Amino acid sequence: YLLREADAAHQAILWDLLYEALWDPPGSPRRPRSVLSHPQVAAYVQDWGSNGTDLGFLAISQEGSVAGGILSRLLVPPLQGGAFHDAVTPQLEIAVFPGFQGQGLGTTLMTRYLAAASTRFPRVSLGVHPENHAAIRLYRRFGFSQFATGHGGYLNLVKDLGKQPE
């Protein structure tokens with residue numbers, strides 16, 4: 001896979017990645033795509049690249065399609081997102097599209113993202129559905145730890161990156 005930094009030109013695929021990241025348990029119906037229009041959800045990708053804290057990477061397959069991506073944005077009240085830790089900690093979203101899952105792409109994306117984020121942020125947070133066991137294993141492998149239980153029982157996780165806030 002080729003990893004490419006996400007920018008404003010990728011806005012359409014970022015919505016698709018966000019929808020995929022809103023994981024629903026197997027056997028449950030997918031939530032309607034209209035959830036993306038909710039301000040607390042849209043805040044994660046709307047007007048990507050406009051606020052100076054956006055950081056993300058897309059994984060491009062050999063055929064040229066986007067296989068997955070990892071994105072973060074600093075979200076502060078009133079649109080603080082579901083895994084708000086503090087005003088200097090961006091929130092992370094990661095998604096690998098179904099046809100590309102189980103091939104280590106999540107690990108590749110996380111490795112690249114954390115290397116870049118560690119030069120910019122003191123830590124990063126995320127929320128994960130408590131039944132998304134594969135994702136939880138990935139996050140634990142990378143040193144994320146739980147700091148809260150969010151709405152709907154979501155696990156709010158954080159990883160210290162070492163960069164001191166300026």
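It should be emphasised that the depicted structure is a prediction, and the values quoted were computed from it without experimental measurement.
- With hydrogens and angles disregarded, a donor-acceptor distance shorter than 3.5 Å links the side chain of Q146 to the backbone of A148.
- Partners of T111 according to the side-chain hydrogen bond (donor to acceptor under 3.5 Å, both in side chains) rule, which considers only residues two or more places apart in sequence or in another chain, do not exist here.
- For the 3.5 Å distance criterion, the side chains of Y1 and T108 fail to qualify, holding no donor opposite an acceptor.
- With sequence neighbours left out, the salt bridge (Lys or Arg N to Asp or Glu O under 4.0 Å) criterion links E20 to R30.
- Of all heavy-atom pairs between V128 and A135, the closest is CG2-CB, 4.0 Å.
- No side-chain heavy atom of E93 sits under 4.5 Å from any side-chain heavy atom of L126.
- Residues L17 and F97 form a side-chain contact, since some pair of their non-hydrogen atoms from C-beta on lies under 4.5 Å apart.
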Which donor-acceptor pairs under 3.5 Å do the side chains of residues 63-70 make with protein atoms, sequence neighbours left out?
unit_1 : atom_1 : unit_2 : atom_2 : d
E63    : OE1    : S61    : OG     : 3.3
S65    : OG     : S61    : OG     : 3.0

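- Put simply, the side chain of V88 reaches to within 4.5 Å of the side chain of P122, judged on heavy atoms.
- With contacts defined as side-chain heavy-atom distances shorter than 4.5 Å, the pair D54/L71 does not qualify.
- Note: L74 CG to R120 CZ = 10.0 Å, rounded to the nearest 0.5 Å.
- Residues that satisfy the side chain to side chain contact (heavy atoms under 4.5 Å, CB included) test with D160, not counting sequence neighbours, are R123.
- Applying the ring pair (Phe, Tyr, Trp, His ring centres under 6.0 Å) test to residues at least two apart or on different chains, none of the pairs has a partner in residues 40-75.
- In this structure a side-chain-to-backbone donor-acceptor pair under 3.5 Å is missing from D47 to S50.
- At a threshold of 4.5 Å between non-hydrogen side-chain atoms, the residues P25 and E131 count as touching.
- In this structure R33 satisfies the salt bridge (Lys or Arg N to Asp or Glu O under 4.0 Å) test together with D16, sequence neighbours excluded.
- Taking CG of L3 as the reference point, atom CZ of R112 lies at 7.5 Å (rounded to 0.5 Å).
- The distance from the CG atom of L138 to the CD1 atom of I94 is 5.5 Å, given to the nearest 0.5 Å.
- A side-chain donor-acceptor contact under 3.5 Å links Q40 to the backbone of P78.
- Two residues are said to be in side-chain contact when any heavy atoms from C-beta on lie closer than 4.5 Å; Q91 and V124 fail this criterion.
- Between the side chain of R73 and the backbone N or O of A43, at least one donor-acceptor pair lies under 3.5 Å.
- Considering only heavy atoms from C-beta on, L55 comes within 4.5 Å of E5 through its side chain.
- Annotation: side-chain hydrogen bond (donor to acceptor under 3.5 Å, both in side chains) contacts of H10 (sequence neighbours excluded): D7.
- The side chain to side chain contact (heavy atoms under 4.5 Å, CB included) test applied to S37 returns no partner, not counting sequence neighbours.
- Checked against side-chain hydrogen bond (donor to acceptor under 3.5 Å, both in side chains), Y19 has no partners two or more places apart in sequence or in another chain.
- F100 and L109 fall within a single hydrophobic cluster, where Ile, Leu, Val, Met, Phe, Trp and Tyr side chains are chained together by heavy-atom contacts under 4.5 Å.
- Counting heavy atoms from C-beta on, the side chains of Y113 and L92 come closer than 4.5 Å.
- The CG atom of L58 sits 7.5 Å away from the CD1 atom of I13 when rounded to the nearest 0.5 Å.
- Between T89 and D86 the shortest heavy-atom distance is OG1-OD1, 2.6 Å.
- V41 and L79 are not part of a single hydrophobic cluster, where members link through side-chain heavy atoms under 4.5 Å apart.
- Within the structure, the ring pair (Phe, Tyr, Trp, His ring centres under 6.0 Å) test picks out the following pairs touching residues 69-89 (sequence neighbours left out): H85-F147.
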For a quick test of your reading: what N or O donor-acceptor pairs under 3.5 Å do the side chains of residues 150-159 make, sequence neighbours left out?
unit_1 : atom_1 : unit_2 : atom_2 : d
Y154   : OH     : R31    : NH2    : 3.4
N156   : ND2    : G82    : O      : 3.2
K159   : NZ     : F142   : O      : 2.9

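- Sorted by first then second residue, the side chain to side chain donor-acceptor pair (under 3.5 Å) pairs that include residues 132-141, not counting sequence neighbours, are T107-R141.
- Residues S118 and A115 share a closest heavy-atom pair of OG-O, 3.0 Å.
- Annotation for A59 and L105: closest pair CB-CD1, 3.6 Å, computed over non-hydrogen atoms.
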